[in-house]
Amino acid sequence: MIGLVVAVSIGGCPQQPPGTAAGPVEVKGAGFSVTLPSSAEPYDVGLDIPGATFQAFYTDDLDYVYSIYTIDVGSLAMFSGDESNHSIRFDGTGRTSSGDFILLATLPSQYREQYGDYTAAMAELADGQLLCVGTDTWNPAKNIIFGSIELVDTDGTSIEENASEGVPLLVAPVEDGFVLLDDDSAYRVTDPGELRQLAGWAVGDAIMAHDASDFFSSSPDPFFLTKIGEYESVSAEYIDVAERATITAAR
């Protein structure tokens, strides 16, 4: 689990001039609240997120952007596999200052070569909606923002209840980076660091496969594999359906 830093000052935010009483900006929606820096102001990006039941955008005086929206996704696998969404790389889990459970993720920007990616915290609300709070990856206050998320009538752990819904299981020990799932799909992981991560995977683990083309456009068939419960994605190349291709033929 990735710990969140929630008890330090927001670096880089300007001091308020004498005589002003401006404080942090609290954004509230149905079932949640999140606190932004005192300089944050609503920002019109001219974008409507399909299916969003709440959406708001802010920017602060350091030009960091904050996106906050809720959406009905049904399950985490459905949301991650939705072709209308950008690729999502899961980076682990965390707890907010109020003890609520969140997933941490990286999402590619449309202009990632110029501006980099976005980092986000995701949480399931009491009504089953998925809350997404995002900001620039290089924003030094991102963990503080994520740590300020507070859920109403839930601690967010209910996301675990349906996370494995429709997700295939690992059917064989991982050897030489090959991953075989019980839907007969086969993948190969080659990054040395990610191969070490696979050493902890066991037969029967729920492994979510989702598109990674927004991150690896040069790869012929890029995917992320994410172990449910661990939520740290590894990059993998899709090989084929196991009934039509063998591991030997793929070497």
Side-chain angles (χ1 to χ4, degrees), residues 1-10 13 22-45 47-60 64-80 82 84-86 88-107 117-137 139-163 165 228-229 231:
M1 178 177 290
I2 298 177
L4 296 181
V5 180
V6 296
V8 296
S9 299
I10 299 177
C13 288
V25 176
E26 185 178 32
V27 181
K28 288 187 175 182
F32 76 92
S33 66
V34 59
T35 303
L36 304 181
S38 58
S39 63
E41 296 182 348
Y43 180 57
D44 183 7
V45 298
L47 171 68
D48 284 323
I49 300 173
T53 55
F54 174 96
Q55 68 174 44
F57 298 91
Y58 288 77
T59 186
D60 64 20
Y64 293 122
V65 175
Y66 305 89
S67 63
I68 304 166
Y69 68 93
T70 60
I71 189 168
D72 185 6
V73 299
S75 72
L76 192 63
M78 290 175 61
F79 179 67
S80 302
D82 190 334
S84 65
N85 294 333
H86 287 299
I88 300 170
R89 186 185 71 222
F90 291 97
D91 300 321
T93 65
R95 292 277 182 176
T96 69
S97 58
S98 56
D100 295 324
F101 180 77
I102 58 175
L103 301 181
L104 304 176
T106 299
L107 298 90
D117 298 324
Y118 283 88
T119 187
M122 300 178 178
E124 184 168 318
L125 304 179
D127 63 359
Q129 297 272 310
L130 184 69
L131 168 67
C132 297
V133 179
T135 188
D136 308 271
T137 299
N139 185 343
K142 61 184 179 182
N143 283 349
I144 301 171
I145 303 303
F146 298 157
S148 74
I149 295 171
E150 186 168 355
L151 309 181
V152 178
D153 297 329
T154 182
D155 64 357
T157 55
S158 56
I159 197 171
E160 294 273 68
E161 296 175 4
N162 66 7
E165 181 181 340
I228 300 300
Y231 302 108

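The shown structure was predicted, so the numbers you read here are calculated from the model rather than taken from an experiment.
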Rounded to the nearest 0.5 Å, what separation is found between the [atom1] atom of [X] and the [atom2] atom of [Y]?
X      : Y      : atom1 : atom2 : result
Arg95  : Phe101 : CZ    : CZ    : 6.5 Å
Leu130 : Tyr69  : CG    : OH    : 7.0 Å
Asn139 : Tyr64  : CG    : OH    : 5.5 Å
Thr35  : Phe146 : OG1   : CZ    : 13.5 Å
Ser33  : Lys28  : OG    : NZ    : 6.5 Å
Phe57  : Tyr43  : CZ    : OH    : 10.0 Å

Subject >> Step-by-step side-chain contact (heavy atoms from CB on, under 4.5 Å) determination, Ile149 to Leu131 >> reply: CA-CA 10 Å; Ile149 295 171; Leu131 168 67; 4.0 Å; yes
Could you tell me which non-hydrogen atom of [X] sits nearest to which non-hydrogen atom of [Y], and how far apart they are?
X      : Y      : value
Ile145 : Pro37  : CD1-CD, 3.6 Å
Ala121 : Leu104 : CB-CD2, 4.2 Å
Thr154 : Leu151 : O-CB, 3.6 Å
Ile102 : Ala123 : CG2-CB, 3.9 Å
Ile49  : Gln55  : N-OE1, 2.8 Å
Ile88  : Ala105 : CG2-CB, 3.9 Å

Subject >> No-hydrogen, no-angle side-chain donor-acceptor test under 3.5 Å, Thr106 and Asp91 >> reply: yes
Does any part of the side chain of [Y], heavy atoms only, come nearer than 4.5 Å to the side chain of [X], both counted from C-beta?
X      : Y      : result
Thr135 : Val65  : no
Ile228 : Phe90  : no
Asp60  : Leu36  : no
Ile159 : Leu103 : yes
Thr59  : Tyr66  : no

Subject >> Expected output: side-chain Thr96 to main-chain Glu150 donor-acceptor under 3.5 Å >> reply: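 Side chain of Thr96 to backbone of Glu150: no pair is present.
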**OP:** Measure from the side-chain N and O atoms of Lys142 to the backbone N and O of Thr119, and report whether any donor-acceptor pair falls under 3.5 Å.
**Re:** no
Original post:
Under the ring-ring contact (aromatic ring centres under 6.0 Å, His included) test, which residues partner Phe32, sequence neighbours left out?
Top reply: Phe54
**OP:** Could you pull out all residues at least two apart from Tyr231 that satisfy ring-ring contact (aromatic ring centres under 6.0 Å, His included)?
**Re:** none
Subject >> Worked check of side-chain contact (heavy atoms from CB on, under 4.5 Å) between Glu124 and Asn162 >> reply: CA-CA 11 Å; Glu124 184 168 318; Asn162 66 7; 4.0 Å; yes
